[in-house]
Each structure stands twice: as C-alpha cells, then as structure tokens.
Amino acid sequence: MNIIKKMQKTIELAKYALKNNELPIAAIIYLDDKIIAQSYTSEKKDSRYLIHAELKALIEADKLGYNIRDRKRMQLFTTLEPCMMCIGASMTFFIGEIYYGLDSESDGAVELAKKWNPESDNFPFYRVPKIQGGILKEEITKLFCNYLNEVDGPMKNWVNSLIIK
C-alpha cells in the first residue's frame, strides 16, 4: 500500500471524528501495510486535552509489545503536523517515519524536531524519525473547513489559522 492510500485511510478516520463533533485529527500506525493502531483526537468526548490522536495511537501500539527493530519500520500517518508532545512520544516509541497532511504553524513541532541533534554516543537509538508533510493537504484542508462550518466553540480561531495563510 502506498503513502497516498495510507493517508486516505487516515482521512477516513478523521471524517469519522468530524461526524462525532471532534477535530478532524486522526492517526494510524502501520507496520508495512498492516494497521497496528489507530485513533482520533477526542477532546470533547473525553473532556481532556492530552488525548491527541497520535499519542493515543502510540499508546495503543506500545501495548502490543513490538521490539525496537519492528518499531523503527513503523509509519505514523496523521492529518495534522504533530505537536512537540506527539513527536517526542514518537521518538520514545522509536517510530521510523511520520507522514502528515496539514501544517500547524502555531503548535506543530516538525522544524524544531529536525534541529534536535543529541550527542550520538548518549542516545544511540533515540532519533528523530523521517518526517514528510503536505500529503493530501488540500483534502485535509477541506475537512478543517467543514469543521469550521459544523462546529462552534473555542477551537474555531485556531482551526481558522490552519487553513488561512
């Protein structure tokens, strides 16, 4: 399965989140072409803020007991650029690659993560994964526009900042 098809599956999960009045942020973790874990952000349903889609999927995958070699082969797909917390959790999990659709200039941490360069002797396995953004960005932008049209609340200004450049 190619990158586009994997992101399309992630978008379908984000659409489900939107139908449940949540932000259209979803994450799927693949090992080769097999889905290992998946989740979407559920801040409204759970009345909590630290339940980002990426973090929830990583926690679900971590429970499965994969070794570091397999984890480094895993890919995390998400509709929105991961924040610092989610990139840090991805690194701690040893995820190999991250793919995302829409940039998040206010809280996305990809550029910050790319600058991180620890002493290699101190962190022999702890590395920033390969990261690629902009995948199906237009389709994901439409999802966030739908969120603006369908949902009211304090997140509207932030979502608006994602789609208006």
Side-chain angles (χ1 to χ4, degrees), residues 1-46 48-104 107-114 126-147 150-151 155 158-159 162-163:
M1 185 182 319
N2 66 30
I3 290 171
I4 298 299
K5 288 183 180 179
K6 289 178 179 179
M7 185 59 83
Q8 287 170 332
K9 285 192 173 288
T10 308
I11 290 170
E12 289 303 314
L13 185 56
K15 288 178 180 177
Y16 179 80
L18 185 59
K19 286 179 185 174
N20 287 286
N21 295 318
E22 297 287 356
L23 286 162
I25 304 171
I28 299 178
I29 298 174
Y30 290 89
L31 176 57
D32 303 322
D33 289 337
K34 180 182 177 190
I35 294 175
I36 300 302
Q38 61 185 345
S39 190
Y40 62 89
T41 298
S42 56
E43 292 176 352
K44 286 186 178 182
K45 176 185 156 222
D46 295 327
R48 295 172 46 207
Y49 294 107
L50 295 179
I51 52 171
H52 294 190
E54 302 89 344
L55 185 60
K56 289 171 57 179
L58 287 161
I59 290 168
E60 182 180 326
D62 192 42
K63 293 175 184 177
L64 300 175
Y66 284 95
N67 63 42
I68 290 175
R69 186 175 56 248
D70 286 339
R71 290 170 185 236
K72 287 181 177 183
R73 291 179 29 231
M74 290 182 189
Q75 300 171 316
L76 169 64
F77 281 77
T78 182
T79 52
L80 187 66
E81 177 182 357
C83 69
M84 188 179 299
M85 175 181 69
C86 293
I87 287 180
S90 296
M91 290 170 60
T92 301
F93 182 80
F94 299 105
I95 201 94
E97 301 172 8
I98 297 174
Y99 297 92
Y100 69 93
L102 188 60
D103 293 328
S104 180
D107 66 342
V110 168
E111 289 306 313
L112 182 61
K114 287 180 179 179
Y126 199 65
R127 297 282 178 257
V128 176
K130 172 188 169 188
I131 303 173
Q132 181 181 340
I135 300 163
L136 298 178
K137 180 179 180 176
E138 293 78 21
E139 191 172 339
I140 295 167
T141 299
K142 289 177 186 173
L143 275 180
F144 279 89
C145 287
N146 289 343
Y147 176 87
E150 296 175 19
V151 179
M155 297 303 287
W158 176 73
V159 170
L162 295 173
I163 61 176

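This one's a predicted model, so the numbers in the text were calculated from it and none came from an experiment. Only heavy atoms go into these numbers, but all of them, side chains included; no hydrogens, no water, no symmetry mates. In what follows, residues are counted from 1 in the order of the sequence shown.
Of all non-hydrogen atoms in Leu23 and Ala17, the two that sit nearest each other are O-CB, 3.5 Å. Taking each heavy atom of Trp158 and Ser104 in turn, the nearest pair found is CZ2-OG, 3.8 Å. Considering all non-hydrogen atoms of both residues, Ala14 and Ala26 come closest at N-CB, 3.5 Å. The two residues Leu13 and Ala27 have their closest heavy-atom pair at CD2-O, 3.9 Å. In terms of heavy-atom proximity, Ala53 sits nearest to Thr41 at N-OG1, 3.1 Å. Closest approach of Lys56 and Tyr40 over heavy atoms only: NZ-O, 2.9 Å.
Between His52 and Ile25 there is no side-chain heavy-atom pair separated by less than 4.5 Å. Within the 4.5 Å cutoff, the side chain of Pro24 has no heavy atoms near those of the Lys15 side chain. Annotation: side chain of Leu102 is not in contact with side chain of Thr79 (no heavy-atom distance under 4.5 Å). Using a 4.5 Å heavy-atom cutoff, the side chains of Asp103 and Lys137 are in contact. For the pair Leu80/Leu162, a side-chain contact is recorded, criterion being any heavy-atom separation below 4.5 Å from C-beta on. Residues Lys6 and Ile28 have side chains not in contact (no heavy-atom distance under 4.5 Å, counting atoms from C-beta outward).
Of the possible donor and acceptor atoms, none in the side chain of Asp107 sits under 3.5 Å from a partner among the backbone N and O of Cys83. Put simply, the side chain of Arg71 gets close to the backbone of Tyr66: a donor and an acceptor are under 3.5 Å apart. Formation of a donor-acceptor pair under 3.5 Å by the Lys130 side chain with backbone atoms of Gly96 is not found in this model.
The CD1 atom of Ile95 sits 9.5 Å away from atom CG of Leu31, with the distance rounded to the nearest 0.5 Å. The structure places CD1 of Ile140 at 12.5 Å from SG of Cys145, a figure rounded to the nearest 0.5 Å. Atom-to-atom distance recorded for Phe94:CZ and Arg69:CZ is 13.5 Å, nearest 0.5 angstrom. Annotation: the span from Ile29 atom CD1 to Ile35 atom CD1 amounts to 11.0 Å, rounded to 0.5 Å. Here the CG atom belonging to Asn2 is positioned 11.5 Å from the CE atom belonging to Met7, to the nearest 0.5 angstrom. Rounding to the nearest 0.5 Å places CD1 of Ile98 at 4.5 Å from CD1 of Ile131.
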Subject >> From CA spacing to verdict: side-chain contact (heavy atoms from CB on, under 4.5 Å), Leu136, Thr10 >> reply: CA-CA 11 Å; Leu136 298 178; Thr10 308; over 6 Å; no
Original post:
After noting the C-alpha distance and the side-chain angles of Asp70 and Asn67, does the key distance pass the side-chain contact (heavy atoms from CB on, under 4.5 Å) rule?
Top reply: CA-CA 6 Å; Asp70 286 339; Asn67 63 42; 3.5 Å; yes
Subject >> Chi angles and distances behind the side-chain contact (heavy atoms from CB on, under 4.5 Å) call for Lys9, Gln38 >> reply: CA-CA 10 Å; Lys9 285 192 173 288; Gln38 61 185 345; over 6 Å; no
Original post:
Would Leu18 and Phe144 satisfy side-chain contact (heavy atoms from CB on, under 4.5 Å), going step by step from the backbone distance to the final call?
Top reply: CA-CA 9 Å; Leu18 185 59; Phe144 279 89; over 6 Å; no
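The aromatic rings of Phe77 and Tyr30 lie perpendicular to each other, with more than 60° between the two planes, well past the 30° mark.
The list of salt bridge (Lys or Arg N to Asp or Glu O under 4.0 Å) pairs with a residue in residues 79-93, not counting sequence neighbours, is empty.
Counted within 6.0 Å of CE on Met1, heavy atoms from surrounding residues, nucleotides or ligands total more than 12; the atom is thus considered enclosed.
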